[in-house]
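In what follows, a single structure is set out as structure tokens and then discussed.
The analysis underlying the following values was restricted to heavy atoms, covering all of them including side chains, and did not include hydrogens, waters or symmetry mates. In this text, all values refer to a predicted model and were calculated from it rather than measured experimentally.
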Amino acid sequence: MLRWLIGGGREPQGLAEKSPLQTIGEEQTQNPYTELLVLKAHHDIVRFLVQLDDYRFASAGDDGIVVVWNAQTGEKLLELNGHTQKITAIITFPSLESCEEKNQLILTASADRTVIVWDGDTTRQVQRISCFQSTVKCLTVLQRLDVWLSGGNDLCVWNRKLDLLCKTSHLSDTGISALVEIPKNCVVAAVGKELIIFRLVAPTEGSLEWDILEVKRLLDHQDNILSLINVNDLSFVTGSHIGELIIWDALDWTMQAYERNFWDPSPQLDTQQEIKLCQKSNDISIHHFTCDEENVFAAVGRGLYVYSLQMKRVIACQKTAHDSNVLHIARLPNRQLISCSEDGSVRIWELREKQQLAAEPVPTGFFNMWGFGRVNKQASQPVKKQQENATSCSLELIGDLIGHSSSVEMFLYFEDHGLVTCSADHLIILWKNGERESGLRSLRLFQKLEENGDLYLAV
């Protein structure tokens, strides 16, 4: 474990002149992460991080190993060995609140077509499940029903005792890529370009068996679905390979908003030609979402976009937030956003309100934000007038964390212990609030001096 002090951000060599990337000075006065710990335990790409409690997290990746860490000190607590190929999914299965014995389980799926259930406090394997016909790509827990689901070429439902309660028939050779819980004992699964709604039927007096029923297929996406999350209790959002963003009603499964053709089509190009131009010139895949009560934040290609749920339009964007695809984003307190990318960087942004200038109307098209498509000036006049006095927002760069030498796959945020990032360089970095850490070191020193009696001697 290495501890470094970092003074500020820097650009990777050779990128400063070639890239239109927004830059930040060395001072980075709003960036609290001025110290870092480099954690070494993995031997291949580290793809997953999962929080276990207020001070512990687990990491997993292509070496098939799960490592449990102390987020405060960076200490390696446990190493879980059992898989023979890369890990494809990891989740935690907490104990029920009514249960006296608090025992948190860690579930890991692997390309070796197994799922292993681990005791989160020891290195003990609770059970190894190896009856799968394909790789499990996603895991999810339905805490209210005290069951967990595994998604591969089919969908299986398991209880805490690891009994298989029920399963679907074969769904697709491509398998389930994402899975979330929605109301009415339902889950929604992304399978290629389709969304499939399943309902879980729990045992009743008339039937002691569990069952899982397919109730609807949503066929509105035109390409593979890459991202799927819950927005709130009443809606969820999906994003596709060609930049389709759809917000769905979680109760009746209808579309609340569909955003893809955000731009004014050019009279010189038909729709298909313009889409092809955009796809060729810029990656527009929606790789990840996060959200709050007001907005959906989308990682689209190399950019970041803020979509207002109330106004049903993009209110802020950074067309080139990173030099390569943005892989993961998350909100922080105080209207801040963190993003990480294939370019090896981690950047902190702040969402700020600004008065929209009359000369710069808000783009009416999604692809206008990439600079594609010619806006018809005459058609844009009403839009300009509508936006003259409207308040829009901007994403301002306030921190640039440079420490990884390869793609940063994801991160975790701990309110008290800082930021954790994992990377294709096999490393995990624990980014620390320098001011806070300095204060803690001073406090520990005074406590030690007081214990030894040296403090009074010094006085």
Side-chain angles (χ1 to χ4, degrees), residues 137-138 140-145 149 151 154-155 157 168-169 171-172 174-202 211-265 271-272 275 284-300 305-315 329 331 362 364-367 369:
K137 297 180 180 179
C138 52
T140 192
V141 169
L142 307 188
Q143 191 72 25
R144 185 175 54 83
L145 297 175
L149 283 67
D154 53 18
L155 181 60
V157 182
T168 67
S169 58
L171 297 172
S172 165
T174 57
I176 298 172
S177 59
L179 191 64
V180 297
E181 180 182 10
I182 56 176
K184 301 179 181 178
N185 287 357
C186 291
V187 295
V188 54
V191 183
K193 64 177 74 173
E194 296 184 6
L195 290 172
I196 307 178
I197 309 295
F198 294 98
R199 175 173 286 119
L200 273 69
V201 181
D211 200 2
I212 183 165
L213 306 174
E214 179 183 324
V215 293
K216 192 166 186 178
R217 291 197 177 213
L218 308 176
L219 309 176
D220 300 272
H221 276 290
Q222 298 178 38
D223 209 329
N224 289 339
I225 298 165
L226 302 182
S227 44
L228 162 65
I229 67 163
N230 283 312
V231 175
N232 48 46
D233 292 338
L234 301 177
S235 58
F236 61 94
V237 61
T238 52
S240 78
H241 179 68
I242 57 172
E244 303 164 294
L245 180 152
I246 302 181
I247 297 175
W248 305 86
D249 189 301
L251 298 176
D252 62 13
W253 317 313
T254 56
M255 278 194 295
Q256 293 181 332
Y258 179 100
E259 297 297 351
R260 176 188 175 190
N261 300 332
F262 283 73
W263 80 107
D264 290 334
T271 301
Q272 290 302 318
I275 291 173
I284 56 172
S285 298
I286 301 179
H287 296 284
H288 196 239
F289 286 121
T290 189
C291 58
D292 59 19
E293 296 80 8
E294 301 173 354
N295 306 303
V296 171
F297 303 85
V300 187
Y305 292 79
V306 184
Y307 180 85
S308 169
L309 293 168
Q310 181 180 2
M311 292 185 278
K312 295 189 176 181
R313 66 176 179 87
V314 172
I315 60 170
I329 55 176
R331 290 186 308 108
V362 172
T364 58
F366 201 42
F367 295 130
M369 298 171 193

| message | To check you understand the geometry: which heavy-atom pair defines the closest contact between Leu309 and Asn295, and what is its length? | response | CD1-N, 4.1 Å

| message | Please enumerate all residues that pass side chain to side chain donor-acceptor pair (under 3.5 Å) together with Ser240, with sequence neighbours excluded. | response | Glu244

| message | How long is the straight-line distance from CG of Asp249 back to CE of Met255, given to the nearest 0.5 Å? | response | 12.0 Å

| Pairwise side-chain contact, Trp248 with Gln256, heavy-atom cut-off 4.5 Å (strictly under) | no

| query | Which residues satisfy the side chain to side chain contact (heavy atoms under 4.5 Å, CB included) test with Asn230, sequence neighbours excluded? | reply | Val180, Ile182, Phe236

| From Ile176 atom CD1 to Phe198 atom CZ, the distance as rounded to the nearest 0.5 Å | 6.0 Å

| With distance as the sole test, does Lys312 use its side chain to make a donor-acceptor pair with the main-chain N or O of Glu259 at under 3.5 Å? | no

| query | Do Cys291 and Val237 come close enough that some side-chain heavy atom pair is under 4.5 Å? | reply | no

| To the nearest 0.5 Å, what is the distance between OG1 (Thr238) and CG (Leu218)? | 8.5 Å

| note | Rounded to the nearest 0.5 angstrom, the CD1-OG distance for Ile229 and Ser235 is 9.5 Å

| Step by step, would you call Leu155 with Leu179 a side chain to side chain contact (heavy atoms under 4.5 Å, CB included)? | CA-CA 10 Å; Leu155 181 60; Leu179 191 64; 3.7 Å; yes

| message | Taking side chain to side chain donor-acceptor pair (under 3.5 Å) as the definition, give me every residue that meets it alongside Ser308, ordered by chain and number, with sequence neighbours left out. | response | none

| said: Contact between Tyr305 and Ile286 at the side-chain level, heavy atoms closer than 4.5 Å - yes or no? | reply: no

Validation: residues 184-195 side-chain donor-acceptor distances under 3.5 Å, sequence neighbours left out:
| unit_1 | atom_1 | unit_2 | atom_2 | d |
| --- | --- | --- | --- | --- |
| Lys184 | NZ | Leu251 | O | 3.2 |
| Asn185 | OD1 | Arg144 | NH1 | 3.4 |
| Asn185 | OD1 | Arg144 | NH2 | 2.4 |
| Glu194 | OE1 | Arg217 | NH1 | 2.7 |

| field | Under the side chain to side chain donor-acceptor pair (under 3.5 Å) test, residues paired with Thr140 that sit two or more places apart | value | none

| said: Does any part of the side chain of Glu214, heavy atoms only, come nearer than 4.5 Å to the side chain of Thr168, both counted from C-beta? | reply: no

| field | Set of residues satisfying side chain to side chain contact (heavy atoms under 4.5 Å, CB included) with respect to Ala202, sequence neighbours excluded | value | Trp210

| query | Does Thr290 have any side chain to side chain contact (heavy atoms under 4.5 Å, CB included) partners at least two apart in sequence or in another chain, and if so, which? | reply | Phe297, Ile329, Arg331, Leu337

| task | Taking ring pair (Phe, Tyr, Trp, His ring centres under 6.0 Å) as the test, write out the residues that go with His287, two or more places apart. | result | none

| task | Starting at CZ of Arg199, measure out to NZ of Lys216 and round the result to the nearest 0.5 Å. | result | 11.5 Å

| note | d(Ile212 CD1, Leu200 CG) to nearest 0.5 Å is 4.5 Å

| said: With a 4.5 Å cut-off on side-chain heavy atoms, are Ile247 and Tyr307 touching? | reply: yes

| Can you name the closest pair of heavy atoms from Val296 and Phe289 and give their distance? | CG1-CD2, 3.6 Å

| query | Does a donor on one side chain and an acceptor on the other come within less than 3.5 Å for His241 and Ser285? | reply | yes

| request: Could you list the residues that satisfy side chain to side chain contact (heavy atoms under 4.5 Å, CB included) with Asp211, not counting sequence neighbours? | output: Val201, Leu213

| task | With sequence neighbours excluded, tell me which residues meet side chain to side chain donor-acceptor pair (under 3.5 Å) with Asp252. | result | Thr254

